[in-house]
Amino acid sequence: MVTASDALVRIRNLTIRFPGAAGKAAVVRGLDLTIHRGETVALVGESGSGKSVTARSLVGLTGPGAEVTADAFEIDGETVLRYRERHWRRLRGRRIGFVLQDALVSLDPLRRIGQQLSDAFGARGGLRRRSEVHRRAAALLQSVGIPDPEHRLRQYPHQLSGGLRQRALIATAIAGQPDLVIADEPTTALDVTVQRQILELLEQRQRAGHTLLLISHDLAVVSRLADRVLVMRDGEVVEQGRTADLLTAPAHPYTRQLLDAVPSAASRGHRLAPASGEGRAHGRPRLPLPAKRIDPQRRVLAAEGLQKRYGTGAAAALVVDDVSFALAAGETLGIVGESGSGKSTVARIVLGLVDADAGRVLIDGQPWSELDERHRRARRARIQLIAQDALSSFDPRYSVERIVGESLDAVQVFGAERRRRVREVLDAVRLGPTFLDRHPRELSGGQRQRVAIARAFAPRPQLLVADEPVSALDVSIQAQVLDLLAELQAESGTSLLFISHDLGVVHHLADRVVVMKGGRVVESGDVAAVFAAPRHSYTQALLDAVPTLAPAAAA
């Protein structure tokens with residue numbers, strides 16, 4: 001039986017306000033949160049729901065100007081609401097470890113990984129000898145799935161891949177053996193195999209009796225790890241309960257909406273986002289997406305025997321090795337594989353941003369990769385890119401109207417016709433004329449991705465290359481963007497080359513799939529057939545690594 005004394009965290013009636021144009025606006029209102037020792041509690045909800053700021057309040061990082069009030073705010077029985085910064089510093093790392101989503105920002109870019117782990121060990125104390133610190137640091141990196149830990153300890157964060165950086169960040173968070181680890185979207189940017197390693201690491205901590213607060217928009221991850229779930233919307237908890245109960249029989253329409261938004265084989269050909277903004281009723285069928293106009297006789301894209309090396313001499317790395325595929329008009333081809341498989345390099349070769357060492361790319365049956373940039377430029381409007389990080393692909397000085405309009409330069413659309421086309425595509429992505437004068441920093445993540453899609457569709461391209469376009473979005477915004485892509489593709493007949501590490505998204509969206517490993521294509525074919533009966537062991541391993549939205553077993 002769980003008692004009050006078992007509570008590591010006890011919060012009652014938490015309200016967090018920030019200064020705004022109309023006084024102090026509450027971003028969290030009336031929240032109650034209890035986390036018992038050895039328990040994993042998850043906070044879920046879309047961006048802006050208050051999940052992350054709630055988690056940050058547990059380590060005194062709500063930000064300047066924040067006003068935090070509560071009837072009770074206790075960590076391990078101690079009231080921390082009136083802590084000063086020096087008190088919070090003693091708590092961070094030693095009592096509570098924090099894993100943020102963006103490891104590149106969270107890790108110190110000027111210090112080696114080994115130095116940062118040494119600091120983290122120091123938060124707990126007890127390790128004085130340099131050799132012991134080094135041994136513990138190497139063992140910790142190995143435990144979080146980082147190969148060659150001795151080498152990685154000497155590297156800086158920018159020298160690690162995104163997956164390795166995230167694992168290094170988790171290592172720094174648990175180095176001080178904290179009582180509670182807060183993991184804020186710890187697997188969002190990771191491919192499925194690396195994600196599985198991180199989830200297994202967190203499960204090991206669970207089995208050892210450690211306590212975890214998980215913030216995630218991935219309900220499959222939540223179903224695997226969490227004992228209890230709190231669903232947040234607009235700063236309030238709209239539903240909470242045991243994971244098995246909440247995922248099996250959600251009571252609130254918003255919870256049902258989140259569950260419906262998860263892409264999978266079952267959602268193929270149907271909308272993920274509800275038309276009304278609320279979850280669909282139980283038993284009501286999903287709304288169908290418009291049918292694609294695929295012409296299998298017309299090959300918009302053909303890649304033949306692509307090869308690419310980086311570096312020179314014996315140290316050169318072969319990152320793309322004899323890759324071939326074709327894409328028909330109006331079709332969606334998914335390229336999947338873990339980090340380092342070569343899929344993004346293939347995308348850059350297709351776009352003409354990187355030259356292949358061997359092989360060629362044809363666009364509409366005509367040479368593309370063999371042309372120099374002067375001759376490519378006249379045809380560039382046929383191919384458009386939707387990048388993973390929309391914000392970094394925009395000029396921050398530009399308005400939305402100018403960002404979208406710049407893609408029309410290549411097709412010589414100017415003046416009144418340009419203004420009309422920009423408004424047309426913004427309407428198509430459900431951003432009205434009020435967004436024309438806004439700048440990227442004034443937009444949410446979902447709005448920025450819609451602007452990126454509008455820019456890509458504005459010149460009416462034959463081919464869209466989408467490189468991880470929804471990996472950083474929460475599940476409900478992801479659903480809206482995927483529905484939007486499907487609608488615009490069906491209307492325009494544009495072909496889509498979709499690169500992703502999310503197999504559920506690819507299963508939902510793609511017609512065919514190419515599976516890459518170590519720069520080579522190991523399997524390809526109809527997406528439903530490949531995912532239902534994979535022939536290659538690597539494809540099977542990828543599918544086995546995908547967390548499924550299955551309610552946790554009853555305790």
*Report the C-alpha separation of Ile453 and Leu484 in whole Å, then their side-chain angles, then the decisive distance to 0.1 Å, and conclude whether the side chain to side chain contact (heavy atoms under 4.5 Å, CB included) test is met.*
CA-CA 9 Å; Ile453 292 170; Leu484 179 62; 4.2 Å; yes
*Quick check: does any side chain N or O of Asp427 sit under 3.5 Å from a backbone N or O of Gly432, one acting as donor and the other as acceptor?*
no
_N/O donor-acceptor pair under 3.5 Å between His270 side chain and Pro288 backbone_ = no
*Are Asp544 and Arg196 side-chain neighbours, meaning at least one heavy-atom pair lies under 4.5 Å?*
yes
*Determine, step by step, whether Glu401 and Arg419 satisfy the salt bridge (Lys or Arg N to Asp or Glu O under 4.0 Å) criterion, reporting the C-alpha distance in whole Å, the side-chain angles of both residues, the deciding distance to 0.1 Å, and the verdict.*
CA-CA 8 Å; Glu401 182 174 20; Arg419 290 191 292 272; 5.5 Å; no
*Looking at Arg299, Arg379, Arg376, which one forms a side-chain contact (heavy atoms from CB on, under 4.5 Å) with Ile363?*
Arg379
*Would you call Ile215 and Thr54 a side-chain contact if the rule is heavy atoms closer than 4.5 Å?*
no
*What residues, two or more places apart in sequence or in another chain, satisfy ring-ring contact (aromatic ring centres under 6.0 Å, His included) together with His507?*
Phe531
*For atom CG of Asp295, decide whether the heavy atoms of other residues, nucleotides or ligands shown that lie under 6.0 angstrom number more than 12.*
yes
*Would you sort out whether Val404 and Tyr398 count as a side chain to side chain contact (heavy atoms under 4.5 Å, CB included), showing the intermediate values?*
CA-CA 10 Å; Val404 176; Tyr398 285 8; over 6 Å; no
*Taking all heavy atoms of Gly330 and all of Lys292, pick out the closest pair and write down the distance.*
O-CD, 3.9 Å
*asked:* I'd like to know if the side chain of Ser495 pairs up with that of Glu331 as donor and acceptor (distance under 3.5 Å, no hydrogens or angles considered).
replied: no
*Under 3.5 Å: donor-acceptor pair, side chain of Glu487, backbone of Pro290*: no
*Kindly indicate, with the supporting measurements, whether the criterion side chain to side chain contact (heavy atoms under 4.5 Å, CB included) is fulfilled by Asp234 and Arg29.*
CA-CA 9 Å; Asp234 296 330; Arg29 296 181 296 277; 4.1 Å; yes
*Work out which heavy atom in Thr494 is nearest to a heavy atom in Pro461; give both atom names and the distance.*
OG1-O, 3.1 Å
*Closest approach of Leu443 and Arg438, non-hydrogen atoms and distance?*
CD2-CD, 4.0 Å
_Salt-bridge contact Arg293-Glu491 (side-chain N to carboxylate O under 4.0 Å)_ = no
*CG/Leu485 to CZ/Phe457 distance, rounded to the nearest 0.5 angstrom?*
6.0 Å
*If every non-hydrogen atom of Gly359 is compared with every non-hydrogen atom of Ser369, which pair is closest and at what distance?*
O-OG, 4.4 Å
*Distance from Thr345 atom OG1 to Lys308 atom NZ, nearest 0.5 Å?*
8.5 Å
*Is the side chain of His439 donor-acceptor paired with the backbone N or O of Arg441 at a distance under 3.5 Å, no angle test?*
no
*Is there a donor-acceptor pair under 3.5 Å between the side chain of Arg380 and the backbone N or O of Leu351?*
yes
*So, His501 versus Glu468: side-chain donor-acceptor pair below 3.5 Å or not?*
yes
*asked:* I want to check something: taking the side chain as every heavy atom from C-beta on, are Val231 and Val237 in contact at a cut-off of under 4.5 Å?
replied: no
*asked:* Donor-acceptor pair, distance only, cut-off 3.5 Å: does the side chain of Ser267 make one with the backbone of His508?
replied: no
*Do the side-chain N and O atoms of Glu338 and Thr193 include a donor-acceptor pair separated by under 3.5 angstrom?*
yes
*Does one side chain, of Ser216 or Asp218, offer a donor that lies under 3.5 Å from an acceptor on the other?*
no
*Would you give the length of the straight line joining atom CG of Leu327 to atom CD1 of Ile335, rounded to the nearest 0.5 angstrom?*
9.0 Å
*Will you find, in the side chains of Asp184 and Ser52, an N or O donor that is under 3.5 Å from an N or O acceptor?*
yes
*Donor-acceptor pair, Glu523 side chain versus His536 backbone, under 3.5 Å?*
yes
*For Val323 and Arg520, what are the C-alpha separation, side-chain angles and deciding distance, and is it a side chain to side chain contact (heavy atoms under 4.5 Å, CB included)?*
CA-CA 6 Å; Val323 170; Arg520 296 186 64 87; 5.8 Å; no
_Donor-acceptor check, side chain of Arg298 to backbone of Ala328, threshold 3.5 angstrom: yes or no?_
no
*Does some side-chain heavy atom of Asp395 sit less than 4.5 Å from a side-chain heavy atom of Ile403?*
no
*Chi angles and distances behind the salt bridge (Lys or Arg N to Asp or Glu O under 4.0 Å) call for Asp357, Arg309*: CA-CA 7 Å; Asp357 297 330; Arg309 293 180 184 272; 5.6 Å; no
*asked:* Taking the side chain as everything from C-beta on, heavy atoms only, tell me whether Val527 gets closer than 4.5 Å to Arg268.
replied: yes
*Just by distance, do the side chain of Arg450 and the backbone of Val429 share a donor-acceptor pair under 3.5 Å?*
yes
*How close do Val44 and Lys51 get, heavy atom to heavy atom, and via which atoms?*
C-CD, 3.4 Å
*Report yes if the side chains of Arg460 and Ser492 come closer than 4.5 Å at any heavy-atom pair, otherwise no.*
no
*Do Asp526 and Arg512 sit within salt-bridge range, that is, some charged N less than 4.0 Å from a carboxylate O?*
no
*Would you say Arg286 and Arg271 make side-chain contact, with heavy atoms under 4.5 Å?*
no
*Hey, does Val350 have a side-chain heavy atom less than 4.5 Å from the side chain of Phe325?*
yes
*Report the C-alpha distance between Glu424 and Arg420 in whole Å, list the side-chain angles of each, state the deciding distance to 0.1 Å, and finish with yes or no for salt bridge (Lys or Arg N to Asp or Glu O under 4.0 Å).*
CA-CA 6 Å; Glu424 180 184 1; Arg420 185 200 65 78; 2.9 Å; yes
*Between Gln540 and Arg535, is any side-chain donor less than 3.5 angstrom from a side-chain acceptor?*
no
*Tell me yes or no: between the side chains of Gln462 and Asp364, is some donor less than 3.5 Å from an acceptor?*
yes
*Euclidean distance, Asp355 CG relative to Glu373 CD, rounded to 0.5 Å*: 9.0 Å
_Closer than 4.0 angstrom, basic N to acidic O: yes or no for Asp409 and Arg418?_
yes
*Are Thr332 and Gln489 close enough that a side-chain donor and a side-chain acceptor fall under 3.5 Å?*
yes
*Approximate separation, where rounding is to 0.5 Å, of Tyr254 OH and Glu46 CD*: 3.5 Å
*Report the distance from atom CG of Leu385 to atom CG of Leu497, rounding to the nearest 0.5 Å.*
10.5 Å
*asked:* Is it the case that the side chains of Ser476 and Asp474 hold a donor-acceptor pair, with the cut-off being a distance below 3.5 Å and no angle test?
replied: yes
*Salt-bridge test for Glu239 and Arg256: reply yes if a basic N is under 4.0 Å from a carboxylate O, no otherwise.*
no
*How far apart are the closest heavy atoms of Gly504 and Asp502, and which atoms are they?*
N-OD1, 3.0 Å
*Without hydrogens or angle criteria, can the side chains of His217 and Glu185 be said to hold a donor-acceptor pair below 3.5 Å?*
yes
*Just checking, any donor-acceptor pair under 3.5 angstrom between side chains of Arg455 and Ser393?*
yes
